[in-house]
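See structure below.
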Amino acid sequence: MADRIRWGIIGCGNISHKFAEGLRVLEDAELLAVGSRTQEKADAFGAEFGAPRCYGSYEALANDPDLDAVYVGTPHPMHKGNSILCLRAGKAVLCEKPFAINRREAEEVIKVAREEKRFLMEAMWTRFLPIIVKVREWLKEGRIGEPRMIQADFGFRAGYDEESRLFSPHFGGGGLLDVGVYCVSMASMVFETPPQKISGLAHLGDTGVDEQAAYVLGYSGGRLALLSSAVRTNTPHEVTIMGTDGMIRVHSMFWCGTRATLTESGHDPIDAELPLLGNGYNYEAAAAGQCIREGKLECETMPLYETLEIMDTLDRIRAQWGLKYPME
Ligand SMILES: NC(=O)c1ccc[n+]([C@@H]2O[C@H](COP(=O)([O-])OP(=O)(O)OC[C@H]3O[C@@H](n4cnc5c(N)ncnc54)[C@H](OP(=O)(O)O)[C@@H]3O)[C@@H](O)[C@H]2O)c1
């Protein structure tokens, strides 16, 4: 294993640009190759980020013998196939959220990673941000006592385009898989267990996907998560964790956040501001790189069992709404 992790990127879209930008600030990582469905797009992306190898197919990228790891930045329904392609070619994989369309797909990918003994991680970048690491420290130290409730929302108003990945069921469209996953992941991080009960309501728009939704997850001992997501409505993008002895608020926009307030019962609030070094995507890449160098097959901060639990929760929420995608 080289000292510098040699990354490849599959799919030259929006988020892959951000990930490539994030890699720039890491001294122990380099972008060696990019793969696109078209050579022109790969060449343009490679030129922008200084990637020396540009492939006009995902297969060619996966088979580059010099890559240590591949970041999968394609739409949700392609995550499974693209991840498996790379794992079978002997590469470590960091795959965008949602990790797959559903739990069954996620299981398939994880099975392959275990067979091939390759590192695999869901790119839930928020977990690796310094402010969220701080929030986890506060929780671990018991600063707010036992967490009893969490409230989280992530909704934005996207321009309506029935063909786009946000609205088309063929792309696994809707708010839950695109942004609700951040809220479900937050609840999972705080309560460290899957929910026992789920109750939700969604407005399914003309294309049949969840344009806005609210869901309550019930955990053992009466703990509750009150979550919401949307792709046609802006929401505050905040997280509040309420405990027996205080409260933690992660300010807007929590998913790329830098600011949180800890209020311990009977004390003045403490503000924490932890700016991002780089654009924020560097933290997940650094964590994955560290694990890969250490020969780990998964990352403790975003372990695969938890990714599976989160996918399972997303399935159960969707089942309540009767939302099934064509590929399921
Ligand atoms: N972590 C985050 O902050 C964040 C933010 C946004 C999105 N995401 C996730 O990243 C994934 C991609 O989102 P995005 O906004 O980057 O999407 P995007 O801009 O549409 O890019 C997706 C790329 O995937 C490739 N692709 C492969 N098959 C495709 C198909 N059938 N149709 C369209 N594109 C296809 C294309 O690259 P080539 O043409 O080069 O092959 C395309 O540019 C989603 O799963 C999303 O949830 C994460």
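When a ligand or atom number is given, it counts from 1 through the structure's own listing order. This chain uses plain numbering: 1 for the first residue, then up along the sequence.
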Can you tell which of [options] gets a heavy atom nearest to [atom]?
{"atom": "atom 7 (C) of ligand 1", "options": "Lys18, Glu96, Arg165, His76", "answer": "Arg165"}
{"atom": "atom 4 (C) of ligand 1", "options": "Val34, Val179, Ile15", "answer": "Ile15"}
{"atom": "atom 22 (C) of ligand 1", "options": "Gly73, Gly11, Cys95", "answer": "Gly73"}

[X] to ligand 1: N or O pair under 3.5 Å?
{"X": "Gly35", "value": "no"}
{"X": "Cys12", "value": "yes"}
{"X": "Ser16", "value": "no"}
{"X": "Thr38", "value": "no"}

At a 4.0 Å cut-off, with the gap strictly under it, does some heavy atom of [X] reach an atom of ligand 1?
{"X": "Tyr58", "answer": "yes"}
{"X": "Phe99", "answer": "no"}
{"X": "Phe45", "answer": "no"}
{"X": "Ala42", "answer": "no"}
{"X": "His79", "answer": "yes"}

Is the [X]-[Y] ring centre distance short of 6.0 angstrom?
{"X": "Phe154", "Y": "His237", "value": "yes"}
{"X": "Tyr325", "Y": "His76", "value": "no"}
{"X": "Phe19", "Y": "Trp125", "value": "no"}

[atom]: the protein heavy-atom neighbour that sits closest, reported with distance to 0.1 Å:
{"atom": "atom 30 (C) of ligand 1", "answer": "Arg37 NH1, 3.2 Å"}
{"atom": "atom 21 (O) of ligand 1", "answer": "Gly13 CA, 3.3 Å"}
{"atom": "atom 24 (O) of ligand 1", "answer": "Pro75 CD, 3.1 Å"}
{"atom": "atom 9 (C) of ligand 1", "answer": "Lys97 O, 3.6 Å"}
{"atom": "atom 31 (N) of ligand 1", "answer": "Met78 CE, 3.4 Å"}
{"atom": "atom 3 (O) of ligand 1", "answer": "Tyr281 OH, 2.6 Å"}
{"atom": "atom 40 (O) of ligand 1", "answer": "Ser36 OG, 2.6 Å"}
{"atom": "atom 18 (P) of ligand 1", "answer": "Asn14 N, 4.0 Å"}

Quiz item: Would you call Arg136 and Glu192 a salt bridge, using N to O less than 4.0 angstrom?
Solution: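 Here Arg136 does not pair with Glu192 in a salt bridge, since their nearest N and O are not under 4.0 Å apart.
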
Quiz item: Quick one: do Asp64 and Arg53 make a salt bridge, cutoff under 4.0 Å?
Solution: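 Result for this pair is yes, salt bridge flagged.
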
Quiz item: Less than 4.5 Å apart, any side-chain heavy atom of Cys54 and any of Gln39?
Solution: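 In contact.
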
Return yes if a side-chain donor-acceptor contact under 3.5 Å exists between [X] and [Y], otherwise no.
{"X": "Thr233", "Y": "Gln212", "result": "yes"}
{"X": "Ser229", "Y": "Tyr215", "result": "yes"}
{"X": "Glu273", "Y": "Thr258", "result": "yes"}

Practice problem: List every atom of ligand 1 that sits less than 4.0 Å from any heavy atom of Pro98, numbering the atoms from 1 in the order shown and giving each element. | Solution: 47 (O)

Exercise. Go through ligand 1 atom by atom and flag the ones less than 4.0 Å from a non-hydrogen atom of Thr74.
Key: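 So the answer, numbered in order with elements, is 11 (C), 12 (C), 24 (O), 25 (C), 27 (C), 44 (C), 45 (O).
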
Quiz item: Any idea which part of Lys41 is under 4.0 Å from ligand 1, heavy-atom wise: side chain, backbone, both or neither?
Solution: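 The answer is the side chain of Lys41.
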
Self-check item: ligand 1-proximal atoms of Phe171, by part, heavy-atom distance under 4.0 Å
Solution: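 Within the 4.0 Å criterion, Phe171 contacts ligand 1 through side-chain atoms alone.
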
Check this for me: [X], atom [atom1], are more than 12 non-hydrogen atoms of other residues, nucleotides or ligands nearer than 6.0 Å?
{"X": "Met247", "atom1": "CE", "value": "no"}
{"X": "Glu300", "atom1": "CD", "value": "no"}
{"X": "Ile270", "atom1": "CD1", "value": "yes"}

Practice problem: Report the residue from Arg104, Lys111, Arg103 that forms a salt bridge (charged side-chain N to carboxylate O under 4.0 Å, His left out) with Glu107. | Solution: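 It is Arg103; the other options fail the test.
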
Exercise. Determine the sole option in Arg127, Met121, Met302, Met124 for which the side chain to side chain contact (heavy atoms under 4.5 Å, CB included) test with Glu284 is passed.
Key: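 Only one of Arg127, Met121, Met302, Met124 forms a side chain to side chain contact (heavy atoms under 4.5 Å, CB included) with Glu284, namely Met121.
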
